[in-house]
Amino acid sequence: MGALAALAVLGTHPASSMANERAETVSGTAPTPPMGFNPYNAFAVDVTEDQMMAIARKLVDSGLAEKGYRYVNIDDGWWIKREANGRLEVNTKAFPSADLGNGETSFLPFVTGLHSMGLKAGLYTDIGRNACSQAWRADDPNLPVGTVAEREIGSMDHQASDMRQIFGDWNFDFIKIDACGVADFEPDKANVKDGQFRSFGPWMVRGRNPSPDDAKIERLYATLNSDIAKVRPKRDYVLSICNWGEANVAAWGKHDGNMWRTSGDINASWNSMLANFDSAAANPGAAGPNHWNDPDMLEIGNGEFDANHLVEARAQISMWAIISAPLLIGSDITKWPQSLFDVAGNRDVIAIDQDVAGRQGVIVSKTNEAEILVKTLALSDTRAVALINRGSKPISLSVMLSQLGLPSNVKATVRNLWSGQENPLDGGAISASLAPHETALFRVTVNTRP
Ligand code: GLA
């Protein structure tokens with residue numbers, strides 16, 4: 001996007017009026033992007049109560065919870081089967097507190113434990129009959145067991161009763177709803193042919209976007225949203241759509257959920273992070289309070305974003321912050337050195353992500369190596385600016401005040417949100433010399449208008 005196009009978007013929010021017309025249909029519990037923890041990037045689907053509680057305690061003890069990281073979300077891997085009466089049964093080997101001792105299972109003790117720590121609790125399901133782990137991790141020891149019907153732990157055909165169980169009986173606050181059940185169980189799949197799973201559709205083919213079946217996908221999410229609302233009429237929940245940017249979700253996600261994935265799964269490599277960032281950064285008009293583009297979880301602490309790669313770790317959270325992305329940590333924080341807590345816990349950076357205006361930053365300029373984004377903050381005449389070195393060579397970048405939608409003859413204060421240095425700016429430009437993969441994140445505040 002050129003500077004002029006960026007300026008046109010800065011002050012306005014093209015999609016917000018449309019979203020407002022149907023605003024009463026989505027929960028109002030995510031006025032700023034949700035923050036917390038999801039275990040998938042750390043533990044895949046082999047998640048246990050011990051791990052989740054250790055993470056929860058660390059969120060509290062490290063101060064991350066107080067800084068906003070409150071959602072503790074279980075991902076795929078929690079279920080053992082669907083009972084004949086339709087109820088979902090929890091894997092009590094992994095989650096012992098769910099064993100009520102009378103043949104019944106319940107997450108209520110786990111959820112209540114998190115609530116008593118001042119945290120929120122999230123769970124995971126699928127819009128189809130089966131989950132992603134069943135499609136992609138056939139050899140995992142932690143998959144549902146039993147007959148074909150017992151292993152149909154996805155929400156399809158059980159929407160109302162599953163949402164009653166999860167949001168009524170179990171009192172969860174957040175749900176991530178995946179979509180492999182409608183994408184990965186087509187008739188010619190080996191595990192469908194050999195009778196392990198019932199065939200389905202597919203209604204979603206990755207990359208075939210838009211497709212004639214998109215409305216059916218939206219309907220499945222809309223049904224779950226309204227079924228949750230029946231149990232929780234105050235709409236005190238967050239619904240996270242996970243269909244990887246398919247089915248034209250950017251057009252309807254805001255009506256049926258609070259955030260929607262814009263791409264496939266992130267992994268802990270620089271290039272994967274960039275690709276996921278780009279998928280969300282491309283569509284700033286879709287985001288706003290209670291409805292966010294979701295480029296997937298933070299990889300801080302993992303692989304190319306671990307404690308030996310603090311430049312990259314800082315870059316990812318800076319980039320997520322400038323585009324108002326949900327901040328869900330996906331790494332085992334019980335093993336983190338202080339340096340990683342300092343990255344994830346930088347209050348100034350979190351404040352950019354959580355700015356109450358909820359205006360996703362827009363791209364001012366972009367090449368393969370260099371990218372500049374600007375975000376208009378709630379406080380008048382205040383901007384956040386990210387200067388991003390996407391490449392592997394040092395570069396220098398600069399941006400003019402006029403490119404931020406500010407008059408070039410004003411006096412401003414520029415705060416570098418990583419070094420904490422504050423400098424006066426008398427007109428002119430904001431510049432930075434950037435190491436490979438470095439992002440500089442600034443807050444620019446106009447002091448006085450001429
Ligand atoms: C999909 C999702 C991931 C994760 C896994 C779990 O791949 O996109 O975020 O939930 O399923 O199996």
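Counting starts at 1 for both ligands and their atoms, following the listed order. We use all heavy atoms of the structure for the numbers below, so side chains are in, but hydrogens, waters and symmetry mates are not.
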Problem set entry | Summary of ring-ring contact (aromatic ring centres under 6.0 Å, His included) pairs that have at least one residue in residues 26-55, sequence neighbours excluded | none
Problem set entry | Pairs touching residues 61-152 that satisfy disulfide bond (SG atoms under 2.5 Å apart), sequence neighbours left out | Cys132-Cys180
Seminar exercise, completed: In short, salt bridge (charged side-chain N to carboxylate O under 4.0 Å, His left out) pairs touching residues 191-215 with sequence neighbours left out are Glu152-Arg198, Asp184-Arg206, Asp213-Lys216
For this session: Kindly tell me which protein residues have any non-hydrogen atom under 4.0 angstrom away from an atom of ligand 1, grouped by chain and ordered by number?
Result: Tyr40, Val45, Asp75, Asp76, Tyr124, Cys132, Ser133, Lys176, Asp178, Cys242, Trp244, Arg261, Asp265
Exercise. Can Arg129 be said to sit on top of Phe200's aromatic six-ring, NZ or CZ under 6.0 Å from centre and within 45° of the ring axis?
Worked result: no
Exercise. Does any donor atom in the side chain of Ser133 or Asp76 lie under 3.5 Å from an acceptor atom in the other side chain?
Worked result: yes
Exercise. Is a side-chain donor-acceptor pair under 3.5 Å present for Asn271 with Ser269?
Worked result: no
